[in-house]
K.L.:
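What follows is a single structure, and I will ask about it in a moment.
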Amino acid sequence: MSVWDDLDLMLDSPTPSLSVASSARGTVKASANLKMADDVSVLRKAMEGLGTTEKKLVDVLTQRSNAQRLLISDAYQKATGRALIDDLKSETGGDFEDVLVAMVTPPDVYDCREIISAIKGAGTTESVLTEMFASRTNKQIVAFSAAYLAETGKALSHDLQSEVSGEYGKALILLSEGKRDESTKVDAAKAKADAKILYEAGEKKWGTDESKFVDILCHSSVPQLRQTMVEYKSISKKSLQESIEGEMSGNLEDLLVAIVKCAKSTPTYLAERLFKGMKGPGTTESILTRIIVSRSELDLLDIRADYKKLFGTSLYSALTSEVSGDYGECLKRLCGGED
């Protein structure tokens, strides 16, 4: 039985005990004894002269919260007349540069720049858009949408309309509004009705009415969607995820499955994403950087625990095997330990 099967069983209980992101579940905590002048001095010396002392950069930045890093960045600018982020870009390179820059960037701006990279490059990287919109809360989506407008001068929904199409595009645009229901109350009658609509739009008919799936999955609150999944299984004898996988394909399937998985457990979904980032020939470092940095103060402890349940090895061990050098050391420090 897989972890996802276990989560399906938990959905059948009256009060599902699923992982919920909170700062208490992060691996990175604010330093209780922050001395900005000392940190600025260490960072400055690490990048002055011939060669850069990468270990010093890792030691300081991985042991501070994002809010503290931003304060240190301001102090660094005042002390040196240069932006810390510019010096990091100048003195480091590759994946190591990317993770350091991510750490000294506000979360909303970092998410926004990941979205920009996904839709502005040569071809749209749908897997990044899927991960971001499925795993972020309304508050996070509203924040990175505002940052997107500030950075590009355009509304995110406007650019999505030109970059993604079909029901997949409609679903992303709906999610980009950041208006998904966040009520904690469950309407049992509505869950039954929605389950019936989904069944009749998919399993019961020839051809799938994808718009019904998009409408319900992109508007329902997490507790409501969990109850709809329970009702769906009682009608269909299949899980909602199984039906989506059987009835759909491509980017829309990936997004709707991701929404269902995140309704069960966002940390479990992200643990899977990390595994896929390290599986096969070559490692997709951008996935590792994005998830580990962005979740390090939210729920990385839960992601670590779910990774071990899913794959039988610790995330720390997997990182040790797959990434090396200063970049690997930085990710392992953010990961916070072996278990």
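For reference, positions follow the sequence shown, starting with 1.
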K.L.:
Checking the side chain of T137 only, and the main-chain atoms of Q140 only, is there a donor and an acceptor separated by less than 3.5 Å?
P.N.:
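Here the side-chain-to-backbone pair exists.
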K.L.:
Looking only at the side chains, is there a donor atom on one of Y76 and D87 sitting less than 3.5 Å from an acceptor on the other?
P.N.:
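Present: a donor and an acceptor within the cut-off.
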K.L.:
Would I72 and V104 count as a side-chain contact (heavy atoms from CB on, under 4.5 Å) if you check the C-alpha gap in whole Å, the side-chain angles of each, and the deciding distance to 0.1 Å?
P.N.:
CA-CA 9 Å; I72 292 164; V104 297; over 6 Å; no
K.L.:
With sequence neighbours excluded, give me every side chain to side chain donor-acceptor pair (under 3.5 Å) pair touching residues 178-188.
P.N.:
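Every side chain to side chain donor-acceptor pair (under 3.5 Å) pair that includes a residue of residues 178-188, provided the two are not neighbours, is N138-E182.
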K.L.:
Can you tell if the side chain of Y327 reaches within under 4.5 Å of the side chain of L288, non-hydrogen atoms only?
P.N.:
yes
K.L.:
Among Q63, K56, K55, whose side-chain hydrogen bond (donor to acceptor under 3.5 Å, both in side chains) with D59 holds?
P.N.:
K55
K.L.:
Say whether, by atom type as modelled, one donor and one acceptor occur between the side chain of K29 and the main chain of A24 under 3.5 angstrom.
P.N.:
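Side chain of K29 to backbone of A24, a donor-acceptor pair under 3.5 Å: yes, one is there.
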K.L.:
Do L175 and L255 come close enough that some side-chain heavy atom pair is under 4.5 Å?
P.N.:
yes
K.L.:
Between K196 and E231, is a side-chain contact (heavy atoms from CB on, under 4.5 Å) present by the stated rule, with each step listed?
P.N.:
CA-CA 8 Å; K196 186 171 183 286; E231 299 296 344; over 6 Å; no
K.L.:
Is it true that S286 and T289 share a donor-acceptor pair across their side chains at a distance under 3.5 Å?
P.N.:
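Note: T289 and S286 side chains miss the donor-acceptor criterion.
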K.L.:
Show every salt bridge (charged side-chain N to carboxylate O under 4.0 Å, His left out) that has at least one partner inside residues 38-48, sequence neighbours left out.
P.N.:
D39-R64, R44-E48
K.L.:
Output the distance between atom OG (S73) and atom CE (M103), rounded to the nearest 0.5 Å.
P.N.:
11.0 Å
K.L.:
Could you grab the distance from atom CG of L129 to atom CD1 of I115, nearest 0.5 Å is fine?
P.N.:
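Reported to 0.5 Å precision, the distance equals 5.0 Å.
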K.L.:
Could you state the interatomic distance from CD (E285) to CE (M278), rounded to the nearest 0.5 Å?
P.N.:
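Answer rounded to 0.5 Å: 10.5 Å.
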K.L.:
Salt bridge check, K78 against D74: does any charged N sit closer than 4.0 Å to a carboxylate O?
P.N.:
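Here D74 does not pair with K78 in a salt bridge, since their nearest N and O are not under 4.0 Å apart.
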K.L.:
State the CG-CG distance between L315 and L331, to the nearest 0.5 angstrom.
P.N.:
9.0 Å
K.L.:
Show the nearest heavy-atom pair for residues I287 and G277, with the distance to one decimal.
P.N.:
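Minimum heavy-atom separation between I287 and G277: CD1-CA, 4.1 Å.
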K.L.:
Applying side-chain contact (heavy atoms from CB on, under 4.5 Å), run through V257 and M248 and close with a yes or a no.
P.N.:
CA-CA 10 Å; V257 167; M248 300 182 198; over 6 Å; no
K.L.:
Atom CG of L172 and atom CD of E163: how far apart are they, to the nearest 0.5 Å?
P.N.:
11.5 Å
K.L.:
So S265 and D306, do their side chains get closer than 4.5 Å, heavy atoms only?
P.N.:
yes
K.L.:
Can you list the residues that meet the ring pair (Phe, Tyr, Trp, His ring centres under 6.0 Å) rule with F144, with sequence neighbours excluded?
P.N.:
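For F144, the residues satisfying ring pair (Phe, Tyr, Trp, His ring centres under 6.0 Å) (neighbours in sequence not counted) are F133.
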K.L.:
Any chance you could lay out the salt bridge (charged side-chain N to carboxylate O under 4.0 Å, His left out) test for D299 and R295, step after step, and finish with the verdict?
P.N.:
CA-CA 6 Å; D299 55 1; R295 310 307 291 201; 2.9 Å; yes
K.L.:
Which heavy atom of L156 sits nearest a heavy atom of S145, and at what distance?
P.N.:
CD2-OG, 3.6 Å
K.L.:
Stepwise, does the side chain to side chain donor-acceptor pair (under 3.5 Å) test hold for T130 with S127?
P.N.:
CA-CA 5 Å; T130 292; S127 62; over 6 Å; no
K.L.:
State, with a plain yes or no, whether a side-chain heavy atom of P107 is found less than 4.5 Å away from one of S294.
P.N.:
no
K.L.:
Would you find a donor on one side and an acceptor on the other, under 3.5 Å apart, between the side chain of E297 and the backbone of N66?
P.N.:
yes
K.L.:
Inspect the contact between K89 and E97 and indicate whether a charged nitrogen and a carboxylate oxygen are less than 4.0 angstrom apart.
P.N.:
no
K.L.:
Among residues at least two apart in sequence or on other chains, which ones pass ring pair (Phe, Tyr, Trp, His ring centres under 6.0 Å) with Y307?
P.N.:
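F311.
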K.L.:
I'd like to know if K190 pairs up with D194 as an ion pair, taking the criterion as any Lys NZ or Arg NE/NH1/NH2 lying under 4.0 Å from an Asp or Glu carboxylate oxygen.
P.N.:
yes
K.L.:
Just to verify, which of L256, L198, D254 counts as forming a side chain to side chain contact (heavy atoms under 4.5 Å, CB included) with I244?
P.N.:
L256
K.L.:
Show every ring pair (Phe, Tyr, Trp, His ring centres under 6.0 Å) that has at least one partner inside residues 208-252, sequence neighbours left out.
P.N.:
none
K.L.:
Do L310 and F275 have side chains that get closer than 4.5 Å, going by heavy atoms?
P.N.:
no
K.L.:
Does any N or O in the side chain of R25 come within less than 3.5 Å of the main-chain N or O of L300, such that one atom is a donor and the other an acceptor?
P.N.:
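No.
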K.L.:
Do the side chains of M47 and L57 get nearer than 4.5 Å, heavy atoms only?
P.N.:
yes
K.L.:
If I compare all heavy atoms of S135 with all of E131, which pair ends up nearest, and what's the gap?
P.N.:
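Taking every non-hydrogen atom into account, OG-O, 2.6 Å.
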K.L.:
Given D209 and S211, is the side chain to side chain donor-acceptor pair (under 3.5 Å) satisfied, shown in steps?
P.N.:
CA-CA 6 Å; D209 186 348; S211 65; 2.6 Å; yes
K.L.:
When you measure from the centre of the six-membered ring of Y269, is the NZ or CZ of K261 under 6.0 Å away and within 45° of the axis?
P.N.:
no
K.L.:
Minimum heavy-atom separation for Q227 to A191, with atom names?
P.N.:
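Smallest heavy-atom distance, with atoms named: CG-CB, 3.6 Å.
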K.L.:
Kindly give the heavy-atom pair with the smallest separation between S65 and V28, and that separation in Å.
P.N.:
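For S65 and V28, the tightest heavy-atom pair comes out as CA-CG1, 4.1 Å.
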K.L.:
Once rounded to the nearest 0.5 Å, what's the spacing between atom CD of E177 and atom SG of C218?
P.N.:
10.0 Å
K.L.:
List the atom of A263, the atom of M229, and the distance in Å for their closest heavy-atom pair.
P.N.:
CB-CE, 3.4 Å
K.L.:
Looking at side-chain heavy atoms only, is the closest gap between N33 and K35 below 4.5 Å?
P.N.:
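Counting from C-beta outward, N33 and K35 do come under 4.5 Å.
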K.L.:
The test is side-chain contact (heavy atoms from CB on, under 4.5 Å); show your working for L225 and I259 and say whether it passes.
P.N.:
CA-CA 10 Å; L225 186 52; I259 290 170; 3.9 Å; yes
K.L.:
With a 4.0 Å cut-off, would you call K120 and D159 a salt bridge?
P.N.:
yes
K.L.:
Show every salt bridge (charged side-chain N to carboxylate O under 4.0 Å, His left out) that has at least one partner inside residues 102-112, sequence neighbours left out.
P.N.:
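Pairs touching residues 102-112 that pass the test: D111-R136.
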